[in-house]
Amino acid sequence: MPSSKQTSLPKLATLLTAGVSAVVLCTIWSAFLLVDHFADNYAQKEAEKRLQQLSWQMRDSLDQTMQKAVGDAQLLSQLDQVKNTKDPADIRRILDSLQKTFPAYAWIGLAELDGKVVASTKGLLEGQDVSQRPWFQNGKKELYAGDYHPALLLQKLMPYSADPWRFVDVAIPIQHSDGTPRGVIGFHLSWGWARSIAQTLLAPADQQYSVEIIVAREDGTVILGPKGMEESKIKTASLTQSRSGKSGATEETWADGQKYLTGYAMAGQARNYPALQWSVLVRQRKDIAMAALGKLEHEILILGAVLALILALIAALLTRRLSSSLTKLSASIEQRAQLRSGPENPQPIAIVQGFHEAHLLSVTLADMIDKEEQYLGRIQRANESLESTVAERTREIADKASELEASLQQQRSVQSRLQAVTDNLPSIITFMDRDERYLFVNAFVTTEFGVKPEYLMGKTLREVVGEKFYKPMEQHVRTVLGGQRVSFEGEGELNGRIYYYQSVYVPALDEAGQVVGFYAMSSDIADRKRVEAMMTEFVSTVSHELRTPLTSINGALRLVAAGVAGEIPPKAKELTTVAMRNADRLLRLINDILDLEKIASGNMEFNFKLSKLGPMIQDAVTANISYADQYGVRMLVAGDYNDLHVNVDRDRFSQVMTNLLSNAIKFSPEGGEVEVSVEASQKLLKVIVSDQGCGIPANFHDKIFQKFSQVDGSNTRKKGGTGLGLNICKTIIEHMGGNIGFTSTVGSGSQFFFELPIVAEVAEVAESETSVTRESAK
């Protein structure tokens, strides 16, 4: 062990003392900040609540005064002495008596219909013409309350006041007992009552806390407020809130640049009497409102500092006491490290007893050092045999390297053979990762496209073949990257040449079963396409050439069977019937082949007409009754569907029905039944042909609508058929905007159905019949 050197690192006791003191200080400071935050919020909310309550009290006082004035006006209008008395002195006594009950009534007077004041309190304005005053003009119509305003004529007669005289009016029409108009009673309320209410609510709060009450009209004109602000306009958030009918409190900056807490409410919201809607704002500077909080914060800060010092001192004493055992252990370790480098034997580690952890640490260190001495001895003995062990391991590594080289050589050989096999296949074989980048390409790509495999490595499939060629392949790429094998044929133009190809994509999976890419094998099928085109042209030509003589043969046989050429023996008639039946079968086969050729070439025409469903189904059933009689099968038609209409090609519809009915008849047992039924929903109708035949095995369900598909070759040969009819039916129904399907139970029978859109609300098919001819798509 190397000798320990003296370092300038701090002692544990110092670190613990500093750390605990720092934790205490941070805790105290965090608590102070937390208390300050919540106290600040609480103090502001309390101040806002107090201001809001003052705004409510001022609002209620204004409303109560206006309600009293309106009530007194209504009471006066009902007094008989006022309604009928002609002596102005009697009316004046009543008005003076009412004025004494409420000094805020600066003036009360009765004006005749011509606007002349006949009686008033203290005789003021008697004989004056007030017909142009708003209170008189509005009071003639109904109970009226007028907003804050000056009254110059009355003001001259009023005693001197330091504050300018301003008034609020209440007026009401007066009628004689017989209902005829007499005049108008008007009240002038001195605005001093509003000032008195404000002073009463604020004293002594306005002196101690600088609280101010402001009353403003709708346009923001202050009608009550601090000196210098009255009859000027303000624009604050609290005013806007109060005008919307809300009440509350908010913090805002006024025009003087100071921040205020403002409580707000709106007077006159009662609608059972004429009311004046004034905004009542009660504001207080935020620094004054929060002054008590600042004092509290100062006291908390001093108390927290004292508490922090006391706790830090206690923490220092405790950490000194707790670290004494560790200090003793540290000294013992240092002494052992210094003695170990000298000739003397090192002293054992001292076992300390200060607390459990220190005791456990000292015991563990002593045990570790004893074991270290034993390990050092073992290491010294092991060093003596290290060279022989290294030589032995070197030989083992050389043997493993030789085996690995042989394995790699074998792998390269297998890879070369695999590359040779794929390079000589007449197909392009590639491997692409999940990003569709080529990681492997065989040499046939050079034969097919004239480029070397290295040219494709690292490029994406889209980059190599181009967007137009890639588009039809995209869905198959997504399928194989989803984990499904896919096989498809396609065509496209690349480098000025049309390619016909067949591709197989197989997903590549890792050990966890995740798709990491896919293998792709593509073959050129241009030759096969040319052969198929030649075969199609040949079949079409032969079919056309056969149908003309076959039609003549069929017609001749029918004439012979009908006795046109004379009576024929029964045996000959039987043979003629067999020949005629097979001629019909051969003619149907040729017609089916020609229909397939039209479908493949896109030349099958459809003549759409609006038609009733019932007659078309009945015609198809009637046309197949004789065929059903040959097999001993009954035909049934179920349901009432004569009012349903469809827009179809009638001949093609009949062709589909005939195919489905003939199949059902052909595979039904003798004495069985074939039923035609119709189900209709709001938008679709469903035609169902049910039989009682042998049914279709489950493993043949996905092939039933393919060309030349036959469930059982032997059974088909007994019943007859080519396997083309259902494929033609599927094509016709899909071209008429519908779909076809079936359900089947082996041993019980099958149900073939097709669905077509219903044409709603058709009065007469013959009158609204329309036709549209269109070519079928490939």
Between A47 and A289, what is the shortest heavy-atom contact and its length? CB-CB, 4.1 Å

For the CG atom of D60 and the CD atom of Q67, what is their distance to the nearest 0.5 Å? 10.5 Å

I'd like to know if R478 and E474 make a salt bridge, using a cut-off of under 4.0 Å between side-chain N and carboxylate O. yes

With side chain to side chain contact (heavy atoms under 4.5 Å, CB included) as the test, pick out the partner of V215 among T221, L62, V222, I197. L62

Partner of L613 by side chain to side chain contact (heavy atoms under 4.5 Å, CB included), out of I758, L756, V678: V678

Rounded at 0.5 Å granularity, tell me how far CD in E46 sits from CG in L261. 12.0 Å

Check the pair M66 / V170 against side chain to side chain contact (heavy atoms under 4.5 Å, CB included), numbers first and verdict last. CA-CA 8 Å; M66 289 301 300; V170 174; 4.1 Å; yes

Mind running side chain to side chain contact (heavy atoms under 4.5 Å, CB included) on W135 and V130 for me, showing each step along the way? CA-CA 9 Å; W135 66 266; V130 294; 3.8 Å; yes

Using a strict threshold of under 4.0 Å (side-chain N to carboxylate O), is an ion pair present between D72 and K68? yes

V646 to P757 - nearest heavy-atom pair and separation: CG1-O, 3.6 Å

Separation of I223 CD1 from E231 CD (nearest 0.5 Å): 9.5 Å

Atom NZ in K686, atom OG in S681: separation rounded to 0.5 Å? 10.0 Å

Distance-minimising heavy-atom pair for L113 and F136: O-CZ, 3.6 Å

Taking side chain as C-beta onward, heavy atoms only, is W107 less than 4.5 Å from K122? no

For the CD1 atom of I234 and the OG atom of S279, what is their distance to the nearest 0.5 Å? 8.0 Å

Please determine whether the number of non-hydrogen atoms from other residues, nucleotides or ligands lying under 6.0 Å from atom CD of E218 exceeds 12. no

Just wondering, more than 12 heavy atoms not from K116 lying within 6.0 Å of its NZ? no

Is the shortest heavy-atom distance from the side chain of M58 to the side chain of L224 under 4.5 Å? yes

Ignoring hydrogens, what is the shortest heavy-atom contact between G109 and L95? Give both atom names and the distance. CA-CD1, 4.0 Å

Side chains of L276 and Y148 in contact at under 4.5 Å (non-hydrogen atoms): no

Starting at OG1 of T236, measure out to CD1 of I214 and round the result to the nearest 0.5 Å. 8.0 Å

With side chains defined as the heavy atoms from C-beta onward, is the minimum distance between M266 and R243 less than 4.5 Å? yes

R182 side-chain N/O to H176 backbone N/O, donor-acceptor pair under 3.5 Å: no

Tell me if a side-chain donor or acceptor on S611 pairs with a main-chain N or O of K609 at a distance below 3.5 Å. yes

Side chains of W254 and L281: does their closest heavy-atom pair fall under 4.5 Å? yes

Just so I know, are the side chains of L239 and Y264 near enough to count as touching, which here means a heavy-atom distance under 4.5 Å? no

May I ask you to check whether E48 and Q44 show a side-chain donor-acceptor distance below 3.5 Å? yes

Which residue, E252, Q284, R283, Q241, forms the side chain to side chain donor-acceptor pair (under 3.5 Å) with T262? E252

Minimal heavy-atom distance between S190 and A106, with the atoms involved, is CB-CB, 3.8 Å

Please state whether the rings of W165 and F167 are parallel, tilted or perpendicular, taking 30° and 60° as the class boundaries. parallel

Whether S97 side chain and I94 backbone form a donor-acceptor pair below 3.5 Å: no

Keeping D169 on the side-chain end and H188 on the backbone end, is there a donor-acceptor pair under 3.5 Å? no

Where the side chain of N84 meets the backbone of S177, is there a donor-acceptor pair that is under 3.5 Å apart? yes

Using side chain to side chain contact (heavy atoms under 4.5 Å, CB included), reason through L98 and F187 one step at a time and then give a plain yes or no. CA-CA 11 Å; L98 180 59; F187 286 70; 3.6 Å; yes

Begin from the C-alpha positions of L202 and I213 and carry the test side chain to side chain contact (heavy atoms under 4.5 Å, CB included) through to its verdict. CA-CA 8 Å; L202 294 180; I213 294 180; 3.7 Å; yes

Grab the two heavy atoms, one from I172 and one from A73, that are nearest each other, plus how far apart they are. CG2-O, 3.6 Å

Any side-chain heavy atom of P226 sitting closer than 4.5 Å to one from E212? yes

